[in-house]
Structures are given as C-alpha cells and as structure tokens.
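All residue numbers refer to positions in the sequence shown, counting from 1. Predicted, not measured: the structure shown is a model, and the values here were computed from it.
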Amino acid sequence: HAQEQGISLDEAKQQIDAERQANAGDFVIAMVDHESQATFKRYKPCGYDEKLGREYCQLVPLNDFYPTIDSRAVHINIIGVVVKHERKLV
C-alpha cells in the first residue's frame with residue numbers, strides 16, 4: 001500500500017506517494033542539497049552522464065522565473081510523486 005502525505009506549499013496542497021518511482025513528466029516534491037524547504041517541480045530524466053558515471057535528472061519549474069535544477073550540479077532527494085494537487089486561484 002502506498003504511503004501518502006499532505007504537504008502545503010505556497011497556498012497549495014499536494015498529496016504525494018512516497019513509494020512511487022518518478023517517471024518523465026511527473027510532478028515531484030524534492031529536497032535539494034542543503035535547502036531547508038522542499039520544492040515542487042516536474043521530473044525530467046536526462047540519461048546517463050559518462051563523466052559522472054551515473055544517471056541524472058532535472059527538476060523543471062512550473063514558473064519560468066525559477067531555474068531548472070540539474071542533479072549533476074546539486075544533490076536531489078525526491079520525497080515523493082505528487083498524485084493530487086489543489087491550489088487556490090484567487
């Protein structure tokens with residue numbers, strides 16, 4: 001049975017599945033390096049980096065004003081895949 005948690009980020013409420021593997025295009029909640037807050041981004045696997053000898057990914061923001069986060073530059077810990085997202089628009 002999947003473990004689901006509710007996390008509130010910027011007036012939005014997400015329900016996440018902490019056991020689900022992130023796939024291309026999924027929305028995820030992740031911790032980045034030594035940041036104190038989790039981030040909500042779209043998961044983009046990018047393939048294998050020969051120099052690093054491992055798979056890498058990018059976390060793509062929904063808002064173009066925020067940068068894309070690349071796992072070749074920082075450590076990314078995916079907390080879970082978002083299975084439900086609710087947001088107040090006004």
Between the main-chain N or O of [Y] and the side-chain N or O of [X], is there a donor-acceptor pair closer than 3.5 Å?
X	Y	value
Y56	D70	no
D49	K51	yes
T68	V60	no
R42	F27	no
N77	M31	no

How far apart are the closest heavy atoms of C46 and Q58, and which atoms are they?
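Answer, listing the atom of C46 first, then Q58: SG-CG, 3.6 Å.
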
Original post:
Just wondering, are more than 12 heavy atoms of other shown residues or ligands nearer than 6.0 Å to CG in D64?
Top reply: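 12 or below, so no.
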
- Tell me, with the steps shown, if I29 and T39 meet side chain to side chain contact (heavy atoms under 4.5 Å, CB included). CA-CA 6 Å; I29 301 293; T39 186; over 6 Å; no

Exercise for review: Hey, could you give me the CZ/CZ distance between R72 and R54, rounded to the nearest 0.5 Å?
Suggested key: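 Result: 9.0 Å between the selected atoms.
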
| query | At what distance, to the nearest 0.5 angstrom, does CD1 of I16 lie from NZ of K84? | reply |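 If we round to the nearest 0.5 Å, I16:CD1 and K84:NZ are 14.5 Å apart.
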
Should side-chain heavy atoms under 4.5 Å link Ile, Leu, Val, Met, Phe, Trp and Tyr, which residues sit in the same cluster as I76?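 Listed partners: V28, V32, Y43, L59, I69, V74, I78, V81.
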
* Heavy atoms, side chains only, cut-off 4.5 Å: are Q15 and V83 in contact? ->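 The answer is yes; the side chains approach within 4.5 Å.
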
